[in-house]
Amino acid sequence: MNRLSQYALVIVGTLWVVSFAEAASNPDLEAKIKEGHQLFTTATFQGNGRVCETCHVAGGRTQGHLPNGKPMPSLMNAAAVFPRVRQGHITTLEDQIRKCVGGAIEGTPPAYGSEELGALSVYLTSLSQGKAIELGGTPQ
Ligand code: HEC
């Protein structure tokens, strides 16, 4: 290997390490994840008093349950299996969040493009960090 390609390797390696470090500690991203988690555990959306965590327990990290106790999967891979297509109808992760607010919480769903919907979406996607995309997959 000549000296020039050795230099090139060192530069590429350094850039990689620097960008990786940035991705791991991006304060803006961390703030949005926190904001989303906060909404997940406290926001009632002027509904029936339930919050996301009422059913999706432990921030969605473990198996959840309906108010009647019926178990349901965690949200750990939700971002990896959405958008979902059923009978030709597409449901994005944001559609599903709004559905749960309108249905399960009987509240006012946050508008598309809103800060709240964005933060919830960032939070849920952070749960699936590192998981392979599995379109058509089942929630775990
Ligand atoms: C009363 C219980 C209840 C509450 C409260 C609730 N959900 Fe859900 N959620 C469900 C049920 C039941 C499903 C699965 C049924 C379905 O596919 O529509 C579901 C599905 C989901 C899914 C899709 C999971 C997957 O992988 O298929 C996401 C994402 C989700 N909820 C997010 C939220 C968020 C965010 C909130 C708060 C804004 C919330 N939910 C509040 C009951 C609830």
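Predicted model only: the values in this text are computed from it and were never measured. Index from 1, following the sequence. Start at 1 and go down the list; that is how both ligands and their atoms are numbered. Below, each value reflects all heavy atoms present in this structure, side chains not excepted, and no hydrogens, waters or symmetry copies.
- Near Arg84, with a cut-off below 4.0 Å to any heavy atom, the atoms of ligand 1 are 25 (C), 26 (O), 27 (O).
- The two atoms that bring Leu127 and Leu75 nearest to each other are CD1-O, 3.9 Å, heavy atoms only.
- At least one side-chain heavy atom of Gln63 sits under 4.5 Å from a side-chain heavy atom of Pro71.
- Residues Ile105 and Cys100 have side chains not in contact (no heavy-atom distance under 4.5 Å, counting atoms from C-beta outward).
- For atom 26 (O) of ligand 1, the closest heavy atom belonging to the protein is Pro139 CB, 3.2 Å.
- Near Pro67, the atoms of ligand 1 lying under 4.0 angstrom from a non-hydrogen atom of the residue are 1 (C).
- Of all the atoms in ligand 1, the ones that sit under 4.0 Å from a non-hydrogen atom of Leu93 are 29 (C).
- Contact of the Asp95 side chain with the Pro83 side chain is not registered, since no non-hydrogen atoms from C-beta on lie closer than 4.5 Å.
- Without hydrogens or angle criteria, Thr125 side chain to Ala79 main chain gives no donor-acceptor distance under 3.5 Å.
- For ligand 1, the atoms closer than 4.0 angstrom to any heavy atom of Arg50 are 1 (C).
- The shortest separation from a heavy atom of Val51 to ligand 1 is under 4.0 Å, placing the residue in contact.
- Of the protein's heavy atoms, Met72 SD, 3.5 Å lies nearest to atom 11 (C) of ligand 1.
- Using a distance-only test at 3.5 Å, with no hydrogens or angles considered, a donor-acceptor pair links the side chain of Arg50 to the main chain of Ala104.
- Put simply, the side chain of Val122 reaches to within 4.5 Å of the side chain of Leu29, judged on heavy atoms.
- For atom 12 (C) of ligand 1, the nearest protein heavy atom (residue, atom name, distance) is Leu66 CD2, 3.5 Å.
- For atom 14 (C) of ligand 1, the protein comes within 4.0 Å by no heavy atom at all.
- For ligand 1 and Val101, the ligand atoms under 4.0 Å from any heavy atom of the residue are 38 (C).
- The CZ atom of Arg98 sits 13.0 Å away from the CG atom of Leu93 when rounded to the nearest 0.5 Å.
- Two residues are said to be in side-chain contact when any heavy atoms from C-beta on lie closer than 4.5 Å; Leu124 and Phe40 meet this criterion.
- Residues Gly59 and Glu53 share a closest heavy-atom pair of N-OE2, 2.7 Å.
- Near Ala78, with a cut-off below 4.0 Å to any heavy atom, the atoms of ligand 1 are 26 (O).
- Distance check on atom 2 (C) of ligand 1: some protein heavy atom falls below the 4.0 Å cut-off.
- When each atom of ligand 1 is checked for a heavy atom of Ile105 under 4.0 Å away, the hits are 5 (C), 37 (C), 38 (C).
- Each of the atoms 29 (C) of ligand 1 lies under 4.0 Å from some heavy atom of Leu124.
- To the nearest 0.5 Å, the span separating NE2 on His56 from CZ on Arg61 amounts to 14.5 Å.
- Protein N, O or S atom count below 2.8 Å of atom 8 (Fe) of ligand 1: the structure gives 2.
- Within a 6.0 Å sphere centred on CD1 of Ile90, heavy atoms belonging to other residues, nucleotides or ligands number 12 at most.
- Listed by chain and residue number, Lys32 satisfy the salt bridge (Lys or Arg N to Asp or Glu O under 4.0 Å) test with Glu35 (two or more places apart in sequence, or in another chain).
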